[in-house]
Each structure stands twice: as C-alpha cells, then as structure tokens.
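Read through the structure below, which is laid out as structure tokens, and then see the notes.
In each ligand, atom 1 is the first atom listed, and ligand 1 is the first ligand listed.
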Amino acid sequence: MEQTTQMPAPVQAAYSYCEAVTGQQARNFAYGIRLLPPDKRQAMSALYAFSRRVDDIGDGDLAPDDKRSRLEATRELLERVRRDEVAEDDTDPVAVALADTARRFPLPLGGLDELIDGVLMDVRGETYETWDDLKTYCRCVAGAIGRLSLGVFGTQEGARGAERAAEYADTLGLALQLTNILRDVREDAGHGRTYLPADDLAKFGCSEGFRAASPPPGADFAGLVHFEVRRARALFAEGYRLLPMLDRRSGACVAAMAGIYRRLLDRIERDPEAVLRGRVSLPGREKAYVAVRGLSGLDARHISRQTLRGRA
Ligand SMILES: CC(C)=CCC/C(C)=C/CC/C(C)=C/COP(=O)(O)OP(=O)(O)O
C-alpha cells in the first residue's frame, strides 16, 4: 500500500478535509486526481479546495461588495501562505493544506492571485467582445490552475522545456474552460452572465436574448456552438503536447481530466441545443473508463500520434 510521508496530525487532517471537498465537489476532475500518488493527490486537493472556495464566493448569493471583501480576505490568506506564516494548527484546513503544499512543491502562487482576479471580473459582470478578451479571463481562472498543477506534477524537461510545458498547461486550461463555458451556457445565463465573445454571438445572429440563453428566431445557435467546439479542439490538440513531458501518473491524471472534458465536447457537438435544456454530463462509468484509459497510457499514445499528424 502507498504510504504518505510522516506529517503532523493537523496537516494530515487538513489534507483529509481537502480530499473530502475534492471527492464531493470535483465531479469530473476527481477522476484524474485519484490516479496520482498520495503526495501529489493531496497537493492537488489543496489547490482544488482553495480554488473551490474562491469560485464559490463568485457564484454565491452575496452582494457584490461582500463578494469583493471575501475575495480580498482570500488574497490576504494567500499572502500569508506566500510568506509561510500559516501555522500547522491554524483553524482553516484549506490554509494549512495549501501552506504545506507550497512548502513541498514549487508552486507559482501568483496563479491563485490570477484566479481571484478572474473571479473579480465575474463580480464586475464583465462581458467579452472578442476571443482575445475572453482568453484573458480564461487564462486567469483556468490557465493559471494548469500552471499551478504543473508545479505539482513536475516535468522531466530542462528550463526551456519547463517554459513550454507551462504554455501547454495554460492552453489545456483554456480548452477546459471554453468547454465549461459551452456546457454551462444556461446556468451562467441564470446568473446574468454571458461569456461567449460578443463578436461570435453577432456572427451567428445570437446576440439578442442570449442573456436568457434563448437565442432569437433565425439565430444559428448550432453554428455558434460548432464554431466554439472547433476552437476548443484546437486548444486541446496544442495542450496535449504536455502529456509526453510528464511522468506516467501525472500524465494519466491530465489525460483523464482532459479526456472527460473532450467527451463532453463530443456530446455538445452532437447535440448543441442540449446545453440550452440543461447540464450536459457523462455517466460515472464513462468517466471511470476514461480514467482507466488514462492510466494505461492509451489516450496519451493515441493523442500524441494524432498530434504529430496535426489532427488531434
Ligand atoms: C495541466 C492541467 C491539469 C490543466 C487543467 C487545469 C484545470 C483543472 C483547470 C480548471 C478549469 C475548469 C473548467 C474548472 C471548472 O471546475 P468545476 O469544479 O466547476 O468543474 P465541473 O463543473 O466540471 O465539476
């Protein structure tokens, strides 16, 4: 059986808390995280629990000013983590686990500030004119998580390879986030949010009424979705170049996370209007199947062949 290195009981308890949060709330990413050895699994759970907290503030029912002050409090906590000022017996398990993770792994912690910046964009109710504008948001809320995850995974490359790996991890984050935006069109509209770029909406006649997730008569909603699906696929193809740079189990984790989201994209492509009816999801057995394929390296081999042929 795998052993975790000896750690003080409060730190162990803090990680157990974060792993429970991940198991209960990361409906898709938990499948990949479970494939990691204990130390990396704990670290990813700490990152997930912190990110969940930030995300929940943004999505919650508080007034915008209260959201802003909660987010600033989270930023202060991050500052304490950065200065290594969180005690092992602090009452906040997410702080304890994140501080321990930051001691063990070379995390680019600025990525968590970017996440907070991204959620602040949500609180301000920002909309995006172009894909470049939306990309800035996606880099904050997802690219940054990819780069932080890479700090946990490590790479088998030198300094120049590490830079490329960070770019691929960031791109994979963009692919996941764009998929997430397509999947959650209806739910986001319920929160009064439209993420898809205004110029894409206009191109497919979908501008009017989009906030209610009910495209106007004559709109080419399927055309819009297919356009964004192609964009997401290109991002996946580029981001998958990360896989051969990772050790086997980190690669399996990434292949499972990305593989599950790619299958969501396939479903959305087959039936674009499904995202207007409700949340598109995969059955648990399909997610487990994708995770097992990730562990056996099947997806990684298949994808790198496709990537080499420029067709992933
Ligand atoms: C290299 C690497 C690991 C890159 C991936 C980075 C990563 C995990 C980005 C997260 C982006 C995303 C779509 C979050 C949604 O989380 P959620 O909890 O709302 O998702 P859910 O609704 O699908 O459960």
| Exercise: do S69 and D66 side chains pair donor with acceptor under 3.5 Å | no

| message | List ligand 1 atoms under 4.0 Å from S149, heavy atoms only on the residue side. | response | 3 (C)

| note | Of all protein heavy atoms, the one nearest atom 14 (C) of ligand 1 is F29 CE1, 3.7 Å

| task | Could you tell me the residue and atom name of the protein heavy atom closest to atom 18 (O) of ligand 1, and the distance to it rounded to 0.1 Å? | result | R52 NH1, 2.8 Å

| said: With heavy-atom distances below 4.0 Å as the criterion, list the atoms of ligand 1 near G146. | reply: 1 (C), 2 (C), 4 (C), 6 (C)

| Taking 4.0 angstrom as the limit, do R75 and E79 come out as a salt bridge? | no

| Spatial distance of atom CD (E19) from atom CD1 (I33) [nearest 0.5 Å] | 9.5 Å

| Modelled atom types, side-chain donor and acceptor of Y195 and D122, under 3.5 Å | yes

| request: Measure up the F227 and F204 rings against each other and bin them: parallel (under 30°), tilted (30 to 60°), perpendicular (over 60°). | output: tilted

| query | Which ligand 1 atoms are under 4.0 Å away from a heavy-atom of R183? | reply | 21 (P), 22 (O), 23 (O)

| request: For atom 20 (O) of ligand 1, find the nearest protein heavy atom and state the residue, atom name and distance (0.1 Å precision). | output: Y261 OH, 3.4 Å

| field | Min heavy-atom dist L150 to ligand 1 below 4.0 Å | value | no

| Would one find more than 12 heavy atoms of other residues, nucleotides or ligands at under 6.0 Å from atom CZ of R70? | no

| message | For N180, which part has a heavy atom under 4.0 Å from ligand 1: side chain, backbone, both, or neither? | response | side chain

| Below 4.0 angstrom, N of the basic side chain to O of the carboxylate: do R80 and D92 qualify? | no

| Are Y289 and Y31 close enough that their ring centres sit under 6.0 Å apart? | no

| query | Is the closest basic N to carboxylate O distance between R52 and D55 below 4.0 Å? | reply | yes

| message | Give me the nearest non-hydrogen protein atom to atom 12 (C) of ligand 1 as residue plus atom name, then the distance to 0.1 Å. | response | Q177 OE1, 3.5 Å

| query | Under 4.0 Å from ligand 1, counting heavy atoms only, is it the side chain of Y168, its backbone, both or neither? | reply | neither

| request: Please verify whether a non-hydrogen atom of L264 lies at under 4.0 Å from ligand 1. | output: no

| query | M44 near ligand 1, heavy-atom distance under 4.0 Å? | reply | no

| query | Quick one: nearest non-hydrogen protein atom to atom 5 (C) of ligand 1, plus distance? | reply | L176 CD1, 3.4 Å

| said: Please classify the L242 to ligand 1 contact at 4.0 Å (heavy-atom distances, strictly less than): side chain, backbone, both or neither. | reply: side chain

| request: Look only at interatomic distance and state if D55 has a nitrogen or oxygen under 3.5 Å from any nitrogen or oxygen of ligand 1. | output: no

| query | Which is it for R279 and ligand 1 at heavy atoms under 4.0 Å: side chain, backbone, both or neither? | reply | side chain

| Geometric cation-pi criterion R164 and Y168, 6.0 Å radius, 45° cone | no

